[in-house]
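Some notes on the structure that comes next.
Remember, predicted model here, so these are calculated numbers, not experimental data. Chain letters run A, B, ... following the sequence lines, proteins first and then strands; every chain starts at 1.
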Amino acid sequence: MPFALTAEREKQVEALLTRYPNARAALIPVLWVCQRQHGWISPAVRDWVAQRLDLSTATVTGVVTFYTMFFDKPVGEHVIWVCRTLSCDLRGGKAIQEHLEQRLGCHAGGTSTDGKFTLMKAECLAACGQAPMVQIDDDYHENLTLEGLDQILDSVGAAPAEEA
Amino acid sequence: MVADYEPILSSRYGVPDAHRLAVAERNGAYATAKKALLTMRPDAIKEEVKKASLRGRGGAGFPAGIKWGFLNPKEGDDIYLVINGDESEPGTFKDRTLLNLDPHRLIEGALITCWAIGAHKAYIYIRGELAHSIAILDAALDEARAKGYVGARPFGKNYPIEIFSHPGAGAYICGEETALLNSLEGRRGEPRLKPPFPAIKGAFGMPTIVNNVETISAVPDIIRMGGETWCNLSRLAPRDGGVRLYGISGHVKKPGVYEAPVGITLRELIDDYGGGMLHDDRPLKAVIPGGSSTPVLRPDRMVEAEAEDHPLHEWHGKSEIDVPMGVDTFRALGTMLGTCCAIVMDSSVNMVDAARNLMRFYRHESCGQCTPCREGSGWLQNTLEEVCEGRGRPEDVALLVDIANNMMGNTICAFAEGTAMPMLGMIQQFHQEFVDAAAAGLPEGYRHDDSTRAGLAGDPADAVADGASTDDTSTDEVTA
Amino acid sequence: MPSFTLDGQQVPYEPGDTILRAAWRAGIEIPHYCWHPGLSVAANCRMCLVHIESGRQMAMPILRFDQAKQTYVPDTKPKLMPACQFPAGDDLVVSSTSEVVKTAQQHVQEWLLLNHPVDCPICDQAGECKLQDYWATHDQQMKRKRTEIVHKPKAVRFGPTIVYDAERCISCTRCVRVCDELVGDHVLDSRERGNRSEIFVAPGRELDHRYTLMTEHVCPVGALTSRDFRFKARVWFLKSANGICSGCAKGCNMHVDYDPRSREVERLRPRDNMDVNQFWMCDDGMMSYKAVREDRVLTGLVGRGEARERVAASAALAFAVERLSAVPADKVAFVLSATASTEENAALARLAEAMGSVHLYLAARPDWEGDDILRSADHNPNRAGANLAAGHALEESVEDLVSDLLAGAVGAVVAVGADSAEALEALAPMAALDASVVFASNHGVLSDAASVVVPIASWAESVGTYVNEQGRAQAYRRAVTPPGGVQEGWRAIADLAEALGHGLGVERTEELMPMPAANEAAAAAEVTA
């Protein structure tokens, strides 16, 4: 099924194209617009972007697969990134990840069985002074405790923790 | 701590809604840009920045005034200013505060810099994870355009300056200036061969100055108070001038970002700003001074600088954490100031495990272009995994040193040094710990294996017993 | 000529040369993978690192184990530079063989092998693989990684001609650059990051342009293999002869790789010639060796259609003599070929002259698609050579021959080569002749229309010259012996001439080359093992 942007997002793309001396420079911002709508860069999205910016599909795919935040496979409704680099690990990042895996029922790299959450390990998210932390979609949730994390997961609709 | 210190760079951090133009302007924003664009010649601005001895705040510490002087444009060239907001160095989170709390300072700095270097366009590259920061900056830019400060006639001057944000998408290597330029151009973030340097051939083949967010944000203060005055605020003037943001994270009571003159010590940063060690019964063991690429320091190592002409002679016999934090002082110490964001580790930390954490980061972030980094970063992680999981051999310590030694200097960009130098630093400072781990793995309680997995269920520890690859495959793959 | 010092010897350089390129010009090898003289500089393999001993030295901090202190102490080593990137200049003193360089090379070699599969026993590149070669010359140690290699896809079909093995790949990007720079087609790129990187084909496409085999040609390892050549032959059993491609008027230089044991041509490879094809050949040219092995005329043939019989070559020749003797000599039409060698054409032209016939025609393959890269639209290797042999530009085509046959101006045909632009139906007048003699190595429309076919050796089994579109006469050497009973083309024609009483008096191929330049070209061509 071919991909098309909403009218508003199409306007965003047009505006982006005016910022650069060539269309290729708009590739990453345009991929963001598309992923925000579609959740991931599917083959249809990739082909649409290639055509829109007059680029080879090789170019688009090479870029999509280079950058950690672009998904070339489907993801859950929400993506949860748990930071595991040193500053966060020193303040409990591992425990945060283990707790998330328990709550969501999947390992990092996987998606919860209800399809709602994809859990990803992240490298340093520039929140070191507020460690440990997670990023859910666009939002940082910092200075986490396990209880605080539970409340956040509740608020985004995660399935309740199973009884031990 | 600096008594009665009045913040300069972060003067508007405590002002509510300072990200709004009206508030920022009421608190001083744009007055200097107006003065600079309407009454100062570019050469005069560049001269002030030179006098300021503003060392690049992105990690390399290269003098900004000298970098601006590298431009040598040809007739018809467009000059670009590209501002590096990719802040991804582990431990580093200071530029983010500028973006979130005082974006107009950055915009003001960009205006002045563009005028000084002859640029009409600036791109502020911000890492993709900071979606909110990008939104804040975009809103601030819209305000600045509406006010006529950015656009066709800034402050009424017939010198168009357009400024745009540009998002990254999750790649630490895009903080390297030429990789950033490639990313800006819609390419894979692979560093370019140098020469040519960006000042000669940068964005879109044009002369380009790339500077860090904090560096550009310091420009309005420099012009407002004069370069020499700003420089002399530093304890390490005249070569390393002004004030800067310090980050501190890890095992301290008050992790965060603090402003102080250049040249406070790590001991001051930890005790006075950071509130001291997190746990009173766990003393300081090691501190990474400025982001993970900087070699680690120990409080119980003394400076060896007996010769009178040694740059650190003044601190001979003192602890490494009593040396003023400066670009040149820390290079002389055998480490680097880097991003000036310290990671504090107390006695509970096993340095081999910390090294494993960092080498996993570097393996994940290597762009993969050139052999020593692509294979070396992966091998460092692989070897540390083997060691930490109790499958090490005595020769592994020498192997780690050999891998790191041979990555040094042999690659397209400095990422390899950023990987190898902390590895070498940790082994040099904590040799016995590595020897012990190579012999017997991590001490009890450190045996974790978050970097390996097999399948979706079961105890992660089982994955290691299966002999699964210790080349971390799980960090970034989505398994549908 | 300006020069710099490399390992104690003076190496001349041209403006714009890097150290590596200047060394390459001088025939000095600095080991490398990713550099290629016909492609842009990537400088990613880091095998060509050298020590610039002159000028300001940069020291890199390292650690050294201090035996007395039993711990690591700071030390330094010099920063090395990639020779492929560093510009040559006067006063440059370079070492590519010092200990520090050797250490760097050995480490690069170990790193490249770190995650490399031990596929040698099943890998076509074995025997001409830079990883093998440089391991032997610059490493010779077991790699120290103890765990599994990073696994990646193997035997990935890139397209109809190329297979990719991501585990064998060293990410040198030569293949990507070939497609971008030689062909102008961005069909390949890198995906992923770090030691997960791989090469891939643009989604929705195959690797299907006209130079796909050049990706395999430039691949220094067994990551890219030719589907045609896969598992066919071990290269250490192959020998090479210098060949000139018979595909078009470009005259690409090539190596003809053959197995002397079986006397079969197994593959072709480009031979560097900066004046003609630089470093390249197109896929059609690369596959043109198949004509040596397929669709051959191996025996004499007499008669047509159902009545066609196989006879010995000598019998076919005798039959031809008998038939031709029944026609007035000056009414015999001689069809030279734009696909035949200059020598074969010259033999035929001399026979025509000796027989007093002025009826010379030129048969040629129809034009095919040329390009701005290598391919000439003229699908014939030797149009210029045929004209040279005739002594004048041949204006009359096979179509004109058909008209002349119908008009009765000529009554017999002697042709060399079987290719022509016409369909068999259009050659009906020729197919009706008793004396229609074609000397051919491969079947084609002219041999189908012939009453007698005499087998001759293919280009791989002969010595000869083609004159390309630049007017350059280029000689090719014999790779393999022709099948039993089959002679070189000009010799078979000379036998016919002799039997017709018009002996050419030629003993050696070189005597048939009409131009001094052609002689020199032939003399200069060397056989390479």
Side-chain angles (χ1 to χ4, degrees), chain A residues 19-32 40 53 55 59 62-75 81 84-91 94 97-98 101 105-111 118 120-131 135 137-140, chain B residues 78 87-93 95-96 123 127-132 162 164 166-172 183-190 204 247-251 255-257 288 292 341 343-345 349 354 357-358 360-361 364-365 367 448 450 453 456 460 474-480:
Chain A
R19 292 184 174 191
Y20 307 99
N22 61 50
R24 180 172 190 164
L27 176 56
I28 289 174
V30 169
L31 284 168
W32 272 119
W40 63 295
L53 301 180
L55 297 170
T59 301
V63 164
V64 167
T65 57
F66 184 88
Y67 293 94
T68 306
M69 300 188 79
F70 289 138
F71 302 116
D72 63 353
K73 296 187 184 66
V75 292
W81 300 88
R84 291 303 314 278
T85 316
L86 189 58
S87 294
C88 276
D89 252 29
L90 291 172
R91 299 298 292 258
K94 179 171 190 277
Q97 179 180 340
E98 285 169 341
E101 290 178 330
C106 62
H107 283 256
T111 300
T118 295
M120 301 288 287
K121 273 162 62 175
E123 300 292 352
C124 184
L125 291 172
C128 321
Q130 299 86 249
Q135 177 183 355
D137 301 325
D138 284 347
D139 302 329
Y140 278 22
Chain B
D78 295 318
E87 189 163 69
S88 305
E89 177 85 13
T92 309
F93 55 111
D95 295 335
R96 187 175 158 221
Y123 295 102
R127 63 179 296 179
E129 296 86 342
L130 294 178
H132 286 296
E162 192 41 86
F164 298 113
H166 182 97
Y172 161 79
S183 189
L184 175 67
E185 292 184 14
R187 301 174 193 281
R188 292 162 60 84
E190 293 168 344
F204 310 108
I248 182 162
S249 65
H251 293 145
V257 175
I288 294 173
S292 61
C341 288
I343 305 174
V344 177
M345 289 173 276
V349 175
N357 183 289
L358 292 182
R360 185 200 71 216
F361 168 82
H364 187 256
E365 299 298 327
C367 81
H448 76 276
D450 57 290
R453 74 181 202 36
L456 289 174
S474 67
T475 312
D476 54 349
E477 280 170 24
V478 177
T479 54

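A ring-centre distance under 6.0 Å is found for B:Y123 and A:Y20.
Among A:T65, A:V30, A:I28, the residue making the largest number of heavy-atom pairs under 4.5 Å with chain B is A:I28. Residue with the most contacts toward chain A among B:L130, B:D78, B:I248: B:L130 (heavy-atom pairs, distance under 4.5 Å). Chain B forms more heavy-atom pairs under 4.5 Å with one residue of A:L86, A:L53, A:L27 than with any other, namely A:L86. No other option in A:C88, A:S87, A:A23 has as many heavy-atom pairs under 4.5 Å with chain B as A:S87. Interface check for chain A: of the options B:R127, B:E365, B:M345, the most heavy-atom pairs under 4.5 Å are formed by B:R127. Ranked by heavy-atom pairs under 4.5 Å with chain A, the list B:V344, B:I343, B:I288, B:N357 is led by B:N357.
By the salt bridge (charged side-chain N to carboxylate O under 4.0 Å, His left out) test, B:E89 is found to be paired with no residue, residues two or more places apart in sequence or in another chain being considered. B:F204 pairs by the ring-ring contact (aromatic ring centres under 6.0 Å, His included) definition with B:Y80, not counting sequence neighbours.
B:V257 does not touch chain A: none of its heavy atoms, backbone or side chain, sits under 4.5 Å away. There is no contact between A:E98 and chain B, counting heavy-atom distances below 4.5 Å. Both the backbone and the side chain of A:D139 come within contact range of chain B, judged by heavy atoms closer than 4.5 Å. Looking at A:A131, there are no atoms closer than 4.5 Å to chain B (heavy atoms on both sides), in backbone or side chain. With a 4.5 angstrom heavy-atom cutoff, B:R188 touches chain A via backbone and side-chain atoms both. At a 4.5 Å heavy-atom cutoff, B:C341 makes no contact with chain A through either its backbone or its side chain.
Nearest heavy atom pair, residue B:E87 against residue B:D95, reads OE2-N, 2.7 Å. Residue A:R91 comes nearest to B:P255 through the heavy atom pair NH1-CG, 4.0 Å, listed as atom of the first residue, atom of the second, then distance.
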Q: Just do the salt bridge (charged side-chain N to carboxylate O under 4.0 Å, His left out) check on B:E162 and A:R19 with the steps written out, would you?
A: CA-CA 9 Å; B:E162 192 41 86; A:R19 292 184 174 191; over 6 Å; no
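In this structure a side-chain-to-backbone donor-acceptor pair under 3.5 Å is present from B:R96 to A:A126.
Once rounded to the nearest 0.5 Å, the distance linking OG of B:S183 with OH of A:Y67 reads 3.0 Å.
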